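First the structure, in the form of structure tokens, and then the observations on it.
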Amino acid sequence: MGEDIPVLYGGTPVRESVLGYGSQSITETEKEAVVDALDGNYITRGPTVEEFEDRVADMVDVDHAVATTSGTTALHLAGAAAGFESGDEVITTPLTFASTAHVATYNDATPVFADIDPHLRSLDPDAVREQVTDDTEGIVPMHYAGQPADIEGLLEVADEYDLTVIWDACHAFGGSWKGEPIGAQRDMVMFSFHPVKNITTGEGGMVVTDDDDIAERLRRLRSFDMEYESDGHDDEPWYQVTEGLGFNYNFTDIQAALGLAQLDRLEEFKQRRDEIIEQYDAAFADIDGIRTPPEPVNSNPMYHLYAIEVGEGFGCDRKEFVNAMHADNIGVQVHYVPLHYHPYFQEEFGYERGQFPEVEAVYDRLVSLPLHAEMEDSDITDVITAVRQLSAYHQ
Ligand SMILES: Cc1ncc(COP(=O)(O)O)c(C=O)c1O
């Protein structure tokens with residue numbers, strides 16, 4: 001199979017089945033770990049959750065890890081633990097998944113968008129500086145595709161204005177920056193373990209921090225904000241009361257068992273992702289109009305996405321590129337429709353198109369090609385063939 005002409009223009013498909021842009025990788029070992037967990041005393045939050053948390057805390061070199069039901073709930077709790085509340089402003093990037101901004105919205109604060117550095121495709125420290133007001137309390141940068149953001153520049157802004165930083169590292173688990181694991185940065189770093197992410201627990205998320213008080217607040221809020229100390233109620237052994245508005249964002253021993261088994265494979269996953277990236281980089285280097293992801297500087301990222309930019313010189317625009325790939329059964333995706341285009345952020349906060357020129361220019365060109373540890377060599381070849389065919393057709 002594989003004609004010289006893309007199927008969109010009359011050729012035959014590069015492949016018969018759809019290749020997704022992301023996928024979990026689960027072996028018998030993970031399945032056995034999950035079944036064993038079901039035989040344990042706890043199938044909700046128990047000792048295996050603690051073991052998973054301790055292992056991640058060790059890996060990213062922090063004192064505390066608090067696992068939650070999803071990356072989204074991790075973001076909610078991180079904002080609550082930071083003390084964000086009504087009247088506060090929290091600066092973040094529009095080029096992200098909506099949950100990043102919900103650090104603010106779930107806590108009744110206002111998400112304030114700032115433009116990106118188009119090279120890294122994450123928050124530009126100078127653009128953040130422009131958005132700071134007396135009400136600004138925090139910054140939520142996101143490591144786009146797994147490429148570390150300008151960590152140094154953003155921490156400088158945070159220091160200048162005494163802001164709390166919550167790093168959305170949903171894309172970046174397993175990577176490092178200047179020899180420091182992604183996760184070790186202050187004040188909090190959070191991860192997602194959704195199936196397309198670098199490791200998975202089905203659904204799941206985590207906040208890591210060195211701050212003892214923040215960790216205590218995260219743990220309390222994760223589980224109903226319940227007080228179990230029965231001070232003054234010693235003769236009432238059942239005594240437990242909620243002290244504030246907490247949540248049930250408890251991670252389970254079943255998920256933790258899967259997570260521990262996935263952590264054993266983290267290096268294997270990284271190696272496979274790196275191999276695929278190397279092949280893509282080499283295959284696309286000489287194609288006009290394609291910008292491959294930036295070379296890592298002072299970092300060893302674990303990439304979640306391989307996001308190229310299809311620009312002038314390629315011969316067709318991004319929409320046609322995506323449609324051509326889909327017709328060839330290459331399941332590309334676009335990350336992300338900028339948040340200031342979403343009805344929710346427009347209606348609630350008055351955002352409109354045209355406000356963030358760098359984000360918009362990058363968004364118009366973005367396409368994520370398939371990247372995951374389950375990809376066979378033939379899958380990589382299919383993606384490369386489809387892209388090269390499309391380029392050749394338009395030259
Ligand atoms: C950048 C980013 N932030 C937050 C989330 C939310 O994570 P979850 O799906 O685990 O709730 C995701 C993933 O979906 C994401 O990619």
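Worth saying up front: this structure is predicted, and the values here are computed from it rather than measured. Whatever order the structure lists them in is the order used to number ligands and atoms, beginning at 1. Both backbone and side-chain heavy atoms feed into the values below; hydrogens, waters and symmetry mates do not.
Taking a cut-off of under 4.0 Å to the non-hydrogen atoms of His171, the atoms of ligand 1 that pass are 1 (C), 16 (O). Interface of Phe97 with ligand 1, defined as ligand atoms under 4.0 Å from a residue heavy atom, comprises 2 (C), 5 (C), 6 (C), 12 (C), 14 (O), 15 (C). For ligand 1, the atoms lying closer than 4.0 Å to a non-hydrogen atom of Gly71 are 7 (O), 8 (P), 10 (O), 11 (O). Against a heavy-atom cut-off of under 4.0 Å, Thr96 is close to the following atoms of ligand 1: 1 (C). Under a 4.0 Å criterion applied to the non-hydrogen atoms of Asp168, ligand 1 contributes the atoms 1 (C), 2 (C), 3 (N), 4 (C). The Met142 neighbourhood of ligand 1 comprises atoms 1 (C), with distances under 4.0 Å to a heavy atom of that residue. For ligand 1 and Thr100, the ligand atoms under 4.0 Å from any heavy atom of the residue are 3 (N).
Distance from atom 6 (C) of ligand 1 to its nearest protein heavy atom, with residue and atom name: Thr72 OG1, 3.5 Å. Protein heavy atom closest to atom 13 (C) of ligand 1, with residue, atom name and distance, is Lys197 NZ, 2.8 Å.
Taking the centre of each ring, Tyr280 and Tyr303 stay at or above the 6.0 Å mark. Ring centroid separation for the pair His394 and Phe321 does not come in under the 6.0 Å cut-off.
Where the criterion is an N or O separation shorter than 3.5 Å, residue side chain and backbone included, His194 fails it with respect to ligand 1. Note: no N/O pair closer than 3.5 Å links Leu75 and ligand 1 by distance alone. Residue-to-ligand polar distances place Ser192 within reach of ligand 1: an N/O pair is separated by less than 3.5 Å. The shortest N/O to N/O separation between Tyr336 and ligand 1 falls below 3.5 Å. In terms of polar-atom proximity, Glu203 is not counted as a contact of ligand 1, lacking any N or O under 3.5 Å from an N or O of the ligand.
A donor-acceptor contact closer than 3.5 angstrom is absent between the side chains of Asn250 and Thr44.
Within a 6.0 Å radius of CG in Asp159, other residues, nucleotides and ligands contribute more than 12 heavy atoms. Within 6.0 Å of the CD atom in Glu312, the count of heavy atoms belonging to other residues, nucleotides or ligands does not exceed 12. Other residues, nucleotides and ligands place no more than 12 heavy atoms under 6.0 Å from the CD atom of Glu295.
For the side-chain hydrogen bond (donor to acceptor under 3.5 Å, both in side chains) test with Ser25, the passing option among Arg265, Arg272, His372 is Arg265; the others fail.
At a threshold of 4.0 Å, the pair Asp264-Arg55 counts as salt-bridged, since one of the basic side-chain nitrogens sits closer than that to a carboxylate oxygen.
Between the side chain of Gln262 and the backbone N or O of Thr200 there is at least one donor-acceptor pair closer than 3.5 Å.
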